[in-house]
Amino acid sequence: MSHIITLDMPLDVAQRAQVVAERTHRRVEDVLVEWLGRASNEMSLEWLPDPDILALSEQQLSDTAQNELSDLLASQREGALLPTERTRLDALLQEYRLGMMQKAQALKIAVERGLRLPLAS
C-alpha cells in the first residue's frame with residue numbers, strides 16, 4: 001500500500017536524485033522513496049523508549065543467520081562461493097554491520113540513561 005505526497009524539495013537534492021535515477025535506470029520517485037526509507041530506518045535511537053533501547057543493546061543475529069553467515073564465510077575462504085551465495089553473504093554482512101552499529105549506539109544510550117552500567121575498560 002502506498003500514500004501519495006507532494007514535496008517541495010531543494011534543487012540540489014532533486015538534481016542528485018535525478019543523477020542517481022539516470023545511472024541506475026530508475027524513476028526519480030523510486031530513488032527518493034528509497035532514500036526516505038533508509039533515512040526513516042536510520043532515525044536516531046535517542047527517540048526510542050527505554051525497553052526498546054535495552055532490547056537493541058542486547059540484540060544478536062539469529063542462530064539461523066549466524067550459521068548461514070559462518071557457512072558462507074567458510075565457502076568464501078575456500079574460494080567456492082557461488083554468485084548467488086556472494087549476494088546473500090553481502091546481505092548478511094550488511095545486516096550484521098547495521099545490527100552492531102545499532103547495538104553500540106543503544107548501549108551508549110542505555111548507559112547515559114542509567115539503564116545499564118558502563119562496560120569495564
**Heavy-atom pair with the smallest gap, counting every atom of Val20 and Trp35** =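 Closest approach of Val20 to Trp35, heavy atoms only: CG2-CZ2, 3.8 Å.
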**Item:** Test salt bridge (Lys or Arg N to Asp or Glu O under 4.0 Å) applied to Asp50 - qualifying residues, sequence neighbours left out
**Value:**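 Scan of Asp50 (salt bridge (Lys or Arg N to Asp or Glu O under 4.0 Å), adjacent residues dropped) gives Arg113.
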**Request:** Go through the structure and list residues passing salt bridge (Lys or Arg N to Asp or Glu O under 4.0 Å) with Asp12, not counting sequence neighbours.
**Result:**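 So Asp12 forms a salt bridge (Lys or Arg N to Asp or Glu O under 4.0 Å) with Arg16.
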From [X] [atom1] over to [Y] [atom2], what is the distance, rounded to the nearest 0.5 angstrom?
X      : Y      : atom1 : atom2 : result
Met101 : Leu45  : CE    : CG    : 9.5 Å
Leu89  : Gln76  : CG    : CD    : 5.5 Å
Leu81  : Asp71  : CG    : CG    : 11.0 Å
Ile53  : Gln105 : CD1   : CD    : 9.0 Å

Same apolar cluster (I L V M F W Y, side chains within < 4.5 Å links), [X]/[Y]:
X     : Y      : answer
Val33 : Leu36  : no
Val28 : Leu11  : no
Tyr96 : Leu107 : no

List the residues meeting side-chain hydrogen bond (donor to acceptor under 3.5 Å, both in side chains) with [X], not counting sequence neighbours, and say none if there are none.
X      : value
Asp90  : Arg86
Glu34  : Arg26, Arg38
Lys103 : none
Glu68  : Arg88

Does some side-chain heavy atom of [Y] sit less than 4.5 Å from a side-chain heavy atom of [X]?
X     : Y      : result
Leu92 : Glu95  : yes
Val19 : Gln15  : no
Arg97 : Gln102 : no

Which atom pairs, donor and acceptor, lie under 3.5 Å between side-chain atoms of residues 57-64 and protein residues at least two apart or in another chain?
residue, atom, partner, partner atom, Å
Ser57, OG, Leu54, O, 2.8
Gln59, NE2, Gly99, O, 2.9
Ser62, OG, Ala65, N, 3.1

With sequence neighbours excluded, residues passing side-chain contact (heavy atoms from CB on, under 4.5 Å) with [X]:
X      : answer
Ile5   : His3, Leu7
Arg77  : Leu73, Ala74
Pro49  : Pro51, Asp52
Leu117 : none

**Asked** Is the count of non-hydrogen atoms from other residues, nucleotides or ligands lying under 6.0 Å from Glu29 atom CD greater than 12?
**Response**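 Yes, the 6.0 Å shell around CD holds more than 12 heavy atoms from other groups.
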